[in-house]
Structures are given as structure tokens and as C-alpha cells.
2 protein chains.
Amino acid sequence: MEKKVTIQDIARQAEVAKSTVSRYLNGGSVSPQTRRKIDEIVRKNQYIPNTFAQGLKQEKNRTIGVIVPRLDSMAQVEMLRGLDSANQNDTFLIANIYQDPIRELAAIKKFIAQKVAGLIILTANLTDEIRQTLLDADIPVVLQGQDEPDFARVMMDDQQAGKVVGQYIQTLAPKNVLILNVDSKLDWAVGYERFQGLKAALANIPHQEIITTFKRQTAKLDAAKAMSQQHYDLVIGATDAIAVGAMQAGFELNQQSYYLGFGQSVYSEIVSPELTSFEFNFFETGEQIYDLFQKIRNEANIRPLKIVIPGQLIRRASTKK
Amino acid sequence: MEKKVTIQDIARQAEVAKSTVSRYLNGGSVSPQTRRKIDEIVRKNQYIPNTFAQGLKQEKNRTIGVIVPRLDSMAQVEMLRGLDSANQNDTFLIANIYQDPIRELAAIKKFIAQKVAGLIILTANLTDEIRQTLLDADIPVVLQGQDEPDFARVMMDDQQAGKVVGQYIQTLAPKNVLILNVDSKLDWAVGYERFQGLKAALANIPHQEIITTFKRQTAKLDAAKAMSQQHYDLVIGATDAIAVGAMQAGFELNQQSYYLGFGQSVYSEIVSPELTSFEFNFFETGEQIYDLFQKIRNEANIRPLKIVIPGQLIRRASTKK
DNA sequence: TTGTAAGCGTTATCAC
DNA sequence: GTGATAACGCTTACAA
């Protein structure tokens with residue numbers, strides 16, 4: 001039953017032209033009487049305009065495509081919340097691409113075909129093909145997490161993060177440091193930038209760097225392997241999840257160590273001892289991303305802007321005697 | 001530059017009619033030569049078909065709208081992963097509605113206007129208006145978390161959960177039980193069903209029920225208030241997050257108690273002691289949801305199906321002496 | 001204020 | 001195998 005009711009049907013029943021109904025729908029000038037009449041009919045028929053037909057004409061759209069590498073990350077989810085919070089009048093289409101560049105490209109193309117008003121990409125790493133597709137599409141794009149000079153972008157200050165943590169490390173005077181990092185090819189900001197800042201601090205301290213993944217379980221296994229071979233009195237994880245994995249490995253090995261992570265996670269205040277961590281406010285970051293998007297959407301041909309979000313070191317029990 | 005390139009442009013450059021290009025695009029019969037020619041031009045121009053125009057014609061769509069009440073929940077995210085994993089050939093549009101029925105209705109209407117192939121709703125509670133809108137839309141709908149007889153649905157077996165936990169409780173022989181529940185108006189399955197099963201077990205045990213929220217922080221505060229007034233030797237949280245909040249409150253009050261939660265969370269294996277919890281496999285649930293969706297999409301007018309997902313009690317250190 | 005009519009980009013139906 | 005041509009449902013000049 002319930003075929004699809006079109007603007008034509010409404011017009012017929014209201015005994016007006018469909019252009020009048022269209023005007024009514026878009027706040028054009030309509031006399032109070034016809035307005036009331038249409039009002040009623042629209043309600044009675046539960047009429048919902050066909051977005052395809054609308055989109056076909058307007059080539060405009062209050063829809064923003066959002067690319068999310070992974071949803072099982074508090075950082076990402078918080079940023080989404082921030083987006084929603086700052087959101088004025090847009091609809092977000094979220095594509096979870098599981099850190100897969102193939103999926104990412106496909107999702108982006110799909111968004112473009114859907115004529116989204118723009119793209120917000122919470123990315124870890126941009127392939128050349130994706131970069132080119134984005135450039136060609138010529139729509140507003142805001143990147144997060146990747147310092148691409150061609151695009152507007154919001155970055156976490158990972159260099160500063162590394163530096164601050166580096167300074168803090170000095171005060172702990174560790175004898176032997178284990179660093180659990182991720183592949184910088186997978187996430188440049190985390191894998192590279194963040195640890196650049198640490199370098200100076202580590203210059204005179206024995207340390208070893210191991211590459212693991214973002215998954216706590218994997219990190220735990222990798223940490224256990226390393227920590228069973230020698231003792232580290234300070235373990236630094238590239239993320240909180242990694243640090244927590246290491247902490248669990250350390251406990252099982254009955255080792256005493258300091259632990260330190262990065263990011264803002266559900267973990268830090270849950271584990272005991274609570275985890276010292278360099279934290280960013282991802283919710284606020286999300287809001288900033290949206291604001292930046294608004295800016296570049298409204299001012300065409302603006303020079304690619306870059307916003308850097310600072311963070312701060314939260315000292316908790318995991319680095320206390 | 002890069003205006004939008006249409007099928008017309010391709011046709012002109014290839015010196016064929018646009019209907020030929022259309023056939024080419026949709027796998028119709030085209031001679032090898034023209035095929036090659038169009039091939040090249042399409043690639044050169046980076047042509048992407050306009051989904052609006054397509055949608056307008058086809059009235060069909062490989063897009064499924066997914067309503068998610070909250071993204072900061074491992075259960076939800078796992079189900080999304082399950083959906084993606086089972087996904088054959090569809091695109092999911094995710095709307096995060098922050099447990100807000102107003103947002104939910106708006107999102108659903110928007111999806112319908114977009115002529116989605118169907119709706120998957122991970123809901124906590126359905127308002128009458130939403131139910132009616134769904135019914136009127138007459139498209140495939142799969143619900144999760146709400147036992148609505150008019151819809152196909154996938155349910156966690158919350159009654160069984162309560163019952164199993166109830167039996168287990170007996171073996172713990174608690175003297176005084178604190179239950180931290182959520183408002184059943186907000187989430188019937190969790191707030192009501194789940195604790196129905198517990199009732200029998202609690203009949204002869206002194207217990208108190210307190211209503212709190214899904215947020216760990218709030219639960220912690222509410223738990224602290226209750227636990228500072230009297231001692232409970234067993235604390236049951238309606239979710240893991242709630243149980244962990246209570247656990248933290250208990251530690252700060254220096255109290256000794258058993259703790260027990262529900263759900264599958266990042267928490268259970270992170271806290272110490274690790275949390276005993278009745279767990280569901282939400283990833284698999286997501287896969288089941290998608291399969292069910294496929295079924296009702298293909299067989300019109302099928303009687304509303306109901307799938308119940310069992311769970312199991314995972315005993316961990318938090319309920320051990 | 002209202003109606004008429006011309007598209008928007010695509011697919012589908014026919015002739016050729 | 002190919003090409004006109006008519007929809008699809010809506011917006012928008014332009015007339016009335």
C-alpha cells in the first residue's frame with residue numbers, strides 16, 4: 001500500500017500547483033489559507049520529500065561525510081561527539097573504514113558521488129590516491145591527524161607531547177626504558193612525531209623500541225616478550241591501550257616498573273595503579289574540527305589552515321614510587 | 001575547475017549517446033571498441049555517477065540506515081563491527097542519536113527520505129511516534145534491544161542473564177546486596193528484563209536497588225553514597241561500566257565486596273580484580289542482525305522474526321575470595 | 001500569491 | 001549494438 005507520496009500528490013489534493021507546495025516546504029511566500037490546507041494534507045499523508053530529487057536539483061546538501069579509521073577508540077568517538085556538539089545544521093554520515101586505505105578510498109568516492117557538502121577525515125595516513133581524489137573533488141575537506149599542507153587540518157601537538165614527556169622522564173631518572181610504538185607507516189603522527197620529541201630525553205638513557213599494534217592484547221604479548229628478557233624500569237606506550245597492555249604483562253611477570261601512556265582513554269583511571277598519560281581533549285578537538293570546516297566551507301579559496309591542539313601530562317600513580 | 005562531469009559529457013567525448021554510456025556503466029551490451037573508448041574517457045575524467053540522479057530513477061539503494069544510541073559503548077561498536085563483517089554489498093549510514101528520541105525520529109525520517117534499503121536500529125526504547133513512522137515507511141527494519149512484536153528483532157537474552165546470575169549469586173551466599181540499575185524507561189531490556197531473572201534469587205536475600213546512569217562516573221558517585229551508609233558484600237551493576245564505578249567507590253571506601261557486571265566491555269579484564277560479568281558476544285550479534293536483515297529484505301511479508309542471543313557468565317577475580 | 005514549464009543526471013523503453 | 005526520448009520528484013525562473 002502506501003505507495004510513495006510525491007509533491008504532486010500533495011498538490012493535487014490541496015488543489016494547488018506543485019510549485020506552491022514546494023514553496024510551502026521551503027519557506028517561500030504562501031497565503032495563510034493554502035498554507036493551512038497544505039499543512040494538513042502533508043501531515044495526513046506523512047509526506048517526506050525525496051532527497052534524491054532535491055539533491056539532483058540543488059547540488060547542495062547539508063551532509064558532511066566523516067571518515068573514521070576505527071570506532072573502538074575513545075579518541076575517535078570523543079571527536080565525533082565534539083563534532084555533533086558543535087554541529088549547527090548538518091548531518092554527519094559516518095564511515096568506519098577499519099584502518100583500511102581501500103575501504104577509505106571507496107568511502108570517500110561514495111561520499112563525493114553523494115555530493116556531500118564536505119569531508120571530515122579522521123585519518124592516520126593518506127595514500128597518494130586518496131590525496132589526489134580529495135584534491136580533484138574540490139570540496140571542503142578537514143583532516144585530522146595528518147599534517148598535509150594541501151588541506152585544512154587539525155593536529156594534536158605530538159611533538160610537544162613527546163617533548164613534555166621527555167622532560168618528565170628525566171625527573172624519573174630511569175635506568176632502562178622500553179618504548180612500545182606503532183608502525184609510523186600506519187600512523188605517522190603517533191609513530192613518528194610523538195617520539196621525535198622524546199629523542200632528546202632518551203639520548204643518554206638506555207632504551208629499546210619495539211613495534212606493536214594499537215590492540216591492547218597484542219601490546220600485552222609483545223611487551224611480555226620484551227620484558228621477560230630484561231627488566232625495564234620505565235615502559236612508555238604510544239597509546240594508553242598499549243601502556244595498559246604492558247602494565248598487565250609487567251604484573252604477570254611480577255615486575256616493578258613505571259608506566260606511561262598517551263591519549264585520553266577509558267583506561268587511565270580504571271587500571272590500578274592509575275596510568276600517567278599525556279592527554280589531549282578530543283571532544284574539544286572535534287568541536288574545533290567542525291568550526292574549521294565551517295570556516296573553509298564559507299570562505300572559498302582560503303589558504304589551508306592548520307590548527308594545533310595542545311595537550312597536557314596528567315601524572316597518576318603509575319609513575320609514582 | 002573540474003565542474004561536475006556528467007554522463008552527457010562522457011557521451012559527447014566518446015561520440016556516442018548517453019544511453020550507451022549508461023549501458024556501459026551498468027553492464028549492458030556494448031561493443032568492445034566503444035567499451036574501450038568509453039573506458040578511457042571515464043577514467044580520464046574521473047567520472048563518478050551522480051547518486052541523486054541514480055536514486056531518483058531507481059528508487060532503490062544499497063544503503064542501510066543504522067541508528068546507534070551511543071557510540072561510547074563497546075557493545076554498540078562491536079555490533080557495528082559485526083554488521084560490517086557480515087556485510088555483503090551494502091553501505092551503512094550510521095546515525096548516532098545520543099539516546100535522544102527526538103534525534104532518533106529525525107534521523108529515521110531522514111533515512112526514509114533518502115530511500116534507504118532498510119533500517120537497523122540498535123535501540124534502547126521506541127517511542128510511539130517512532131514505531132508508527134517505522135510501520136508507515138514499510139521498509140525492512142531490524143530492531144536490536146527492544147522486543148517489539150511488530151518488527152524483526154534480535155534480542156540479548158536478558159532474562160536468562162538474570163537467571164544465570166541469580167543462580168550464581170546463591171553460591172556466593174551474600175548477606176546484603178546492592179543493585180545498581182538504570183531507569184527501565186530508558187532501557188527496558190537492561191532495566192527490567194535483566195533484573196526480572198534476578199528476582200527469584202534475591203527473594204530471601206536483603207538487597208537494595210538504586211537507579212543510576214550508564215556513565216561510570218555517575219555510577220561511582222551513586223554507589224559511593226549508598227555504600228558509605230551501609231556495607232554490601234555483593235554489588236551488582238546493570239552494566240560493566242556501572243559495576244566498575246561501584247568497584248572504584250568501594251576501594252576508596254576501603255570496603256571488601258564482590259562485584260558483578262553485565263555486558264562485554266573493555267573494563268572487565270582491565271580492572272583489578274578483574275570483573276566477573278555476564279557477557280554477550282556483540283560482534284556475533286551484529287552479524288546476526290545483518291543476516292536477519294537480509295532475510296526480511298528478500299522475503300517480503302514474512303512474519304516478524306525474533307532471534308535471541310544467549311550469553312554466558314564469565315567468572316573472574318571480583319567474585320572470588 | 002500562484003501556476004507553468006524547463007531542467008537536474010540517470011535509467012529504461014523502444015525503435016532502428 | 002546503438003540512439004532518441006520519456007520518465008523519476010523536485011526546484012526555480014518567469015508569467016499571470
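The model shown is predicted, which means the values in this text are computed figures rather than measured ones. In the text below, chain A, chain B and the rest are named by the order of the sequence lines, each starting its count at 1.
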Engineer: Can you check nucleotides 3-6 of chain C for protein contacts, nitrogen or oxygen pairs under 3.5 Å, and list what you find?
Structural biologist:
residue : atom : partner : partner atom : Å
C:dG3   : OP2  : A:Ala17 : N            : 2.8
C:dG3   : OP2  : A:Thr20 : OG1          : 2.7
C:dG3   : N7   : A:Ser19 : OG           : 3.1
C:dG3   : N7   : A:Arg23 : NH2          : 3.0
C:dT4   : O4   : A:Ser19 : OG           : 3.0

Engineer: Any salt bridge linking B:Asp128 with B:Arg131? Criterion: basic side-chain nitrogen under 4.0 Å from a carboxylate oxygen.
Structural biologist: yes
Engineer: Quick check on side chain to side chain contact (heavy atoms under 4.5 Å, CB included): which of B:Asn50, B:Thr51, B:Leu56 does B:Gln54 satisfy it with?
Structural biologist: B:Thr51
Engineer: Please report, rounded to the nearest Å, how far the C1' atom of C:dT1 is from the CZ atom of A:Arg36.
Structural biologist: 15 Å
Engineer: Which residue lies toward the 5' end of DNA chain D, A:Ile7 or B:Thr34, if each is placed at its nearest nucleotide?
Structural biologist: B:Thr34
Engineer: Starting at NZ of A:Lys295, measure out to CG of A:Asp291 and round the result to the nearest 0.5 Å.
Structural biologist: 7.5 Å
Engineer: How many angstroms lie between atom NZ of B:Lys109 and atom OG1 of B:Thr133, to the nearest 0.5 angstrom?
Structural biologist: 5.5 Å
Engineer: Check side-chain hydrogen bond (donor to acceptor under 3.5 Å, both in side chains) between B:Glu78 and all other residues, then give those that pass, not counting sequence neighbours.
Structural biologist: B:Arg81
Engineer: Heavy atoms only, 4.0 Å cut-off, all strands: where does A:Tyr24 land among base, sugar-phosphate and nothing?
Structural biologist: nothing
Engineer: Would you say C:dT11 has OP1 or OP2 under 4.0 Å from some side-chain N or O of B:Gln54?
Structural biologist: yes
Engineer: For B:Leu56 and C:dC8, give me the distance from atom CG to atom C1', rounded to whole Å.
Structural biologist: 9 Å
Engineer: Would you say B:Asn26 places a side-chain N or O within less than 4.0 Å of OP1 or OP2 belonging to C:dT11?
Structural biologist: yes
Engineer: So does A:Ser31 get a side-chain nitrogen or oxygen closer than 4.0 Å to the phosphate oxygens (OP1/OP2) of C:dT2?
Structural biologist: yes
Engineer: Looking at B:Asp39 and B:Arg36, is there a salt bridge between them, counting it only when a charged N and a carboxylate O are closer than 4.0 Å?
Structural biologist: no
Engineer: Between the two end axes of the helix from C:dT1-D:dA16 to C:dC16-D:dG1, each built from 5 base pairs, what angle do you get to the nearest 10°?
Structural biologist: 30°
Engineer: For A:Glu129, enumerate each residue passing the side-chain hydrogen bond (donor to acceptor under 3.5 Å, both in side chains) test, keeping only those at least two apart in sequence or located in another chain.
Structural biologist: none
Engineer: I'd like the 5' and 3' limits of the part of DNA chain D contacted by chain A, with heavy-atom contacts below 4.0 Å.
Structural biologist: D:dG9 to D:dT12
Engineer: Can you tell me the distance, in whole Å, between the CZ atom of A:Phe52 and the P atom of C:dT11?
Structural biologist: 13 Å
Engineer: For A:Arg103, enumerate each residue passing the side-chain hydrogen bond (donor to acceptor under 3.5 Å, both in side chains) test, keeping only those at least two apart in sequence or located in another chain.
Structural biologist: none
Engineer: A cation-pi test, strictly: NZ or CZ of A:Arg70 under 6.0 Å from the centre of the six-membered ring of A:Tyr98 and no more than 45 degrees from its axis. Yes or no?
Structural biologist: no
Engineer: Tell me what A:Thr6 touches on the nucleic acid: a base, only sugar-phosphate, or nothing, going by heavy atoms under 4.0 Å.
Structural biologist: sugar-phosphate
Engineer: For C:dT11, does either OP1 or OP2 sit under 4.0 Å from a side-chain N or O belonging to B:Ser22?
Structural biologist: yes
Engineer: Charged N to carboxylate O below 4.0 Å: is that the case for A:Asp90 and A:Arg297?
Structural biologist: yes
Engineer: Do A:Asn45 and A:Gln13 have side chains that get closer than 4.5 Å, going by heavy atoms?
Structural biologist: yes
